[in-house]
Student: 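Got a structure here, written out as structure tokens. Questions coming.
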There are 2 protein chains.
Amino acid sequence: MEQLFAHLSRYHPISDAARQAVAACFREDVHAKNDMLITQGQVCRRLYFVEKGCLRGYYHLEDKEVTHWFGFERDFVTSFHSFTTGQPSVENIQLMEGAVLWSVSREDLLRLLDTFHELERLVRIAYEKYYLRLEERYVNSQFRTAAERYEQLLEQAPHILERAPLGYVASYLGISQETLSRVRGRI
Amino acid sequence: MEQLFAHLSRYHPISDAARQAVAACFREDVHAKNDMLITQGQVCRRLYFVEKGCLRGYYHLEDKEVTHWFGFERDFVTSFHSFTTGQPSVENIQLMEGAVLWSVSREDLLRLLDTFHELERLVRIAYEKYYLRLEERYVNSQFRTAAERYEQLLEQAPHILERAPLGYVASYLGISQETLSRVRGRI
DNA sequence: GCAGACTTTTGACATCCGTCAAAAAACAAA
DNA sequence: TTTGTTTTTTGACGGATGTCAAAAGTCTGC
């Protein structure tokens with residue numbers, strides 16, 4: 001829980017009152033490797049904070065799995081579309097390692113944002129950062145060769161390569177596993 | 001200005017007090033076709049609302065221009081990275097048609113969000129929607145052929161094809177102009 | 001240490017798409 | 001209309017990358 005607060009205050013300071021309210025809403029869960037947090041078709045009702053471990057979000061395209069994000073320590077993860085709209089998730093969330101997660105329900109979160117302007121602001125700022133991250137990923141994928149994408153990842157997120165199998169990473173980068181393997185061998 | 005309020009209240013209702021404060025901060029500007037709103041290297045200090053007209057954001061990659069978004073009536077546009085971080089913009093914003101824009105400075109906007117929790121919430125909700133849009137674009141670009149991307153655009157944003165030259169659209173889709181032309185001929 | 005499962009690499013081949021160059025078409029201005 | 005400019009199309013070609021298939025490597029549990 002301390003880790004959660006430490007991370008939250010990097011977005012925006014939190015008063016004691018808000019801190020207590022947050023503490024009352026978040027709950028801790030332990031998950032085993034390969035557990036599914038959310039399966040496609042379910043509604044994702046919770047937002048998760050990763051204290052320990054890692055997971056991935058993936059969807060099915062034709063008969064393949066496409067991993068479109070990884071979550072590690074100090075990341076917030078959820079099926080964002082499902083969580084914000086209440087519609088069934090198109091993606092699956094799977095534990096890549098055993099993990100300790102803190103989570104809050106959509107209703108509790110909205111109540112918190114309603115009560116504490118400072119938390120609404122914190123979330124607004126967090127969204128800004130997450131948006132920038134996604135935008136950067138988008139720009140870095142368009143018009144880049146397989147080799148360039150791999151090198152970019154190696155620079156910007158080497159931990160992904162250390163903790164995720166190549167097959168997942170390949171689809172994350174938008175290339176085939178075979179191409180990624182060859183690119184990697186060449187460098 | 002009425003159009004701006006009408007659009008804002010689609011995200012979240014606005015009280016009279018907030019409405020007056022917003023009205024005091026936004027200003028109207030008219031721009032001519034091909035005007036540059038922001039050039040790469042400048043800091044983008046304002047957020048723009050498009051009342052009439054259209055524009056595009058693009059950046060340079062090697063010796064090409066890559067258009068990475070279009071803005072039309074009722075869109076908010078800015079160089080998001082520069083606007084939120086205060087760093088020089090990597091992108092250029094150019095008018096594709098003469099336009100009527102309403103804009104607010106970063107300082108005024110932050111003051112508004114500080115004073116009115118409801119506006120902070122409105123922005124938080126707007127960010128959610130913009131994030132989902134970007135995410136969808138991202139997913140729709142990865143692992144899709146040129147033809148699929150074009151068809152997707154034809155379904156989801158035909159107005160882009162009606163108002164932007166093919167060259168801009170091609171880079172927006174992440175393909176070459178020649179390929180887009182061929183794809184288009186085949187359908 | 002061995003069997004079975006999963007992951008990564010290697011090879012052969014086809015194809016989509018980018019590039020370069022030129023023609024055609026559309027548009028604008030005089 | 002005529003002329004010049006910009007945009008779009010067409011053609012020829014090569015290369016990067018996907019696909020299929022099999023081999024090699026790694027990991028796990030008994």
Student: Examine B:Arg133 relative to B:Tyr130 and say whether NZ or CZ is less than 6.0 Å from the centre of the six-membered ring and inside a 45° cone about the ring axis.
Tutor: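 Output yes; distance and angle both within limits.
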
Student: Rounding to an integer number of Å, can you tell me how far B:Arg144 CZ sits from C:dC17 C1'?
Tutor: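 Distance, rounded to whole Å: 18 Å.
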
Student: Above 12 or not: heavy atoms from other molecules or residues under 6.0 Å from CZ of A:Arg45?
Tutor: no

Student: Could I get the full list of salt bridge (charged side-chain N to carboxylate O under 4.0 Å, His left out) partners for A:Lys129, not counting sequence neighbours?
Tutor: none

Student: Can you name the one residue among B:Tyr11, B:Phe76, B:Phe80 that meets ring pair (Phe, Tyr, Trp, His ring centres under 6.0 Å) with B:Tyr127?
Tutor: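 Testing each of B:Tyr11, B:Phe76, B:Phe80 against B:Tyr127, the sole residue satisfying ring pair (Phe, Tyr, Trp, His ring centres under 6.0 Å) is B:Phe80.
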
Student: Using whole Å, report how far CZ of B:Arg184 lies from P of D:dT10.
Tutor: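 Value for this atom pair: 10 Å.
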
Student: Which listed nucleotide (C:dT19, C:dT9, D:dG18) is nearest to the side chain of A:Ser181?
Tutor: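 Selected nucleotide: C:dT9.
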
Student: Look at B:Thr179 and C:dC17 and indicate whether a side-chain polar atom (N or O) is within less than 4.0 Å of OP1 or OP2.
Tutor: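 Checking C:dC17 against B:Thr179, no side-chain N or O comes under 4.0 Å of OP1 or OP2.
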
Student: Write down the distance between CG (A:Asn34) and C1' (C:dC6), rounded to a whole number of angstrom.
Tutor: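 These atoms are roughly 12 Å apart.
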
Student: According to a strict under-4.0 Å criterion, is A:Lys64 in side-chain N/O contact with OP1 or OP2 of D:dT19?
Tutor: yes

Student: Students often mix this up, so state it plainly: with edges at 30° and 60°, are the rings of A:Tyr172 and A:Phe70 parallel, tilted or perpendicular?
Tutor: tilted

Student: Could you check if a side-chain atom of B:Tyr150 sits within less than 4.5 angstrom of a side-chain atom of B:Val169, using non-hydrogen atoms only?
Tutor: no

Student: Would you say the side-chain atoms of B:Ser15 and B:Glu118 include a donor-acceptor pair closer than 3.5 Å?
Tutor: yes

Student: Tell me the interatomic distance from B:Asp63, atom CG, to C:dG18, atom C1', rounded to whole angstroms.
Tutor: 13 Å

Student: Which is true for B:Leu180 with a 4.0 Å heavy-atom rule: it touches a base, it touches only sugar-phosphate, or it touches nothing?
Tutor: nothing

Student: Could you tell me whether the side chain of A:Phe83 reaches within less than 4.5 Å of the side chain of A:Val77, counting heavy atoms only?
Tutor: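 They are not in contact (no side-chain heavy atoms under 4.5 Å apart), so the answer is no.
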
Student: With heavy-atom distances below 4.5 Å as the criterion, would you say the side chains of B:Arg46 and B:Arg27 are in contact?
Tutor: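 B:Arg46 vs B:Arg27: side chains touch.
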
Student: With nearest nucleotides of DNA chain C determined for B:Ser176 and A:Ala164 from heavy-atom distances, which residue corresponds to the more 5′ nucleotide?
Tutor: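 Residue closer to the 5' terminus by nearest nucleotide: A:Ala164.
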
Student: Does the side chain of A:Arg106 reach to within under 4.5 Å of the side chain of A:Thr84, using non-hydrogen atoms?
Tutor: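 Yes, close enough: below the 4.5 Å cut-off.
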
Student: Identify each donor-acceptor pair in which a side-chain atom of residues 57-66 of chain A lies under 3.5 Å from a protein atom, sequence neighbours left out, and give them as a table.
Tutor:
{"unit_1": "A:Glu65", "atom_1": "OE1", "unit_2": "A:Arg56", "atom_2": "NH1", "d": "3.4"}
{"unit_1": "A:Glu65", "atom_1": "OE1", "unit_2": "A:Arg56", "atom_2": "NH2", "d": "2.9"}

Student: With side chains defined as the heavy atoms from C-beta onward, is the minimum distance between B:Asn140 and B:Gln156 less than 4.5 Å?
Tutor: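 A side-chain contact exists here, since the closest heavy-atom pair is under 4.5 Å.
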
Student: Strictly under 3.5 Å: I want the nitrogen or oxygen pairs between protein and nucleotides 24-30 of chain C, one per line.
Tutor:
none

Student: Given side-chain hydrogen bond (donor to acceptor under 3.5 Å, both in side chains), test A:His68 with A:Glu91 step by step and report yes or no.
Tutor: CA-CA 9 Å; A:His68 73 134; A:Glu91 71 190 338; 2.4 Å; yes

Student: Rounded at 0.5 Å granularity, tell me how far CG in B:Leu37 sits from OH in B:Tyr48.
Tutor: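 The CG atom of B:Leu37 sits 4.0 Å away from the OH atom of B:Tyr48.
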
Student: Would you tabulate the nitrogen or oxygen pairs shorter than 3.5 Å linking the protein to nucleotides 11-16 of chain D?
Tutor:
{"unit_1": "D:dG11", "atom_1": "N7", "unit_2": "B:Arg182", "atom_2": "NH1", "d": "2.9"}
{"unit_1": "D:dG11", "atom_1": "O6", "unit_2": "B:Arg182", "atom_2": "NH2", "d": "3.1"}

Student: Please round to 10 degrees the angle between the axis of the first five pairs and the axis of the last five pairs in the helix from C:dG1-D:dC30 to C:dA30-D:dT1.
Tutor: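 It works out to 50° between the end axes.
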
Student: Nearest-Å distance, CD (B:Glu162) to P (D:dT8)?
Tutor: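 From B:Glu162 CD to D:dT8 P: 14 Å.
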
Student: Over how many whole Å does the gap from A:Gln177 atom CD to D:dC20 atom C1' extend?
Tutor: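 Result: 14 Å.
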
Student: Can you tell me the distance, in whole Å, between the CZ atom of B:Phe143 and the P atom of C:dT15?
Tutor: 20 Å

Student: Kindly state which residues belonging to residues 166-174 of chain B come within less than 4.0 angstrom of DNA chain C, counting heavy atoms of the residue only, listed by number.
Tutor: B:Gly174

Student: Using atom CE of A:Met96 as one end and atom P of D:dC27 as the other, report the distance to the nearest whole Å.
Tutor: 16 Å

